[in-house]
Amino acid sequence: FLYSTLAFSIEWDFETLDPVFQGCIENSNDGAEYEYCGCYVNALSKKFRVLEVLQLMDSGKLESNKDFLKIVEDCVYKSGL
């Protein structure tokens, strides 16, 4: 119960956005990949609450979520990857 109460209070901020961005750019070689990661993190934070992302990740359903897939598709297109 305590975990879910804490998770509801988590908001997108530097402490939650930065690890997502850092994980995305971990093996990046060029500017287009940085652009993709910025787009990805921005869109993820606008479309989902932190708790939603955690739940989708835990359930293994994030990669098949239509909103998530749209973010990836849009950011690939925007960054030219």
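As the structure is a computational prediction, the values presented were derived from the model and not from experiment. Heavy atoms only: backbone and side chains are in, while hydrogens, waters and symmetry mates are out.
Residue Glu35 holds its CD atom at 13.5 Å from CD1 of Ile25, rounded to the nearest 0.5 Å. A distance of 12.5 Å separates SG in Cys37 from CG in Asn42, rounded to the nearest 0.5 Å. Here the CG-NZ distance, from Asp67 to Lys46, works out to 15.0 Å after rounding to the nearest 0.5 Å. Taking CG of Leu44 as the reference point, atom CG of Leu62 lies at 7.0 Å (rounded to 0.5 Å). Atom OH of Tyr36 and atom SG of Cys75 lie 6.0 Å apart (nearest 0.5 Å). Interatomic distance, CG of Asn65 versus NZ of Lys70, reported as 13.0 Å (0.5 Å rounding).
For the pair Leu17 and Ser45, the minimum side-chain heavy-atom distance is below 4.5 Å. Proximity of Val53 to Phe68: side-chain heavy atoms (C-beta onward) are nowhere separated by under 4.5 Å. Between Thr16 and Glu11 there is no side-chain heavy-atom pair separated by less than 4.5 Å.
Salt bridge absent: Asp74 and Lys78 never bring a charged side-chain N and a carboxylate O closer than 4.0 Å.
In terms of heavy-atom proximity, Lys47 sits nearest to Glu52 at O-OE1, 4.2 Å. Scanning all heavy atoms of the two residues, the minimum distance from Asn29 to Asn27 falls at OD1-O, 3.3 Å. A pairwise comparison of heavy atoms in Gly38 and Phe21 identifies N-CE1, 3.5 Å as the closest pair.
In the hydrophobic clustering of ILVMFWY residues, with side-chain heavy atoms under 4.5 Å counting as a link, Met57 and Trp12 come out together. In this structure, Leu69 is not a member of the same hydrophobic cluster as Tyr77, with clusters built from ILVMFWY side-chain heavy atoms closer than 4.5 Å.
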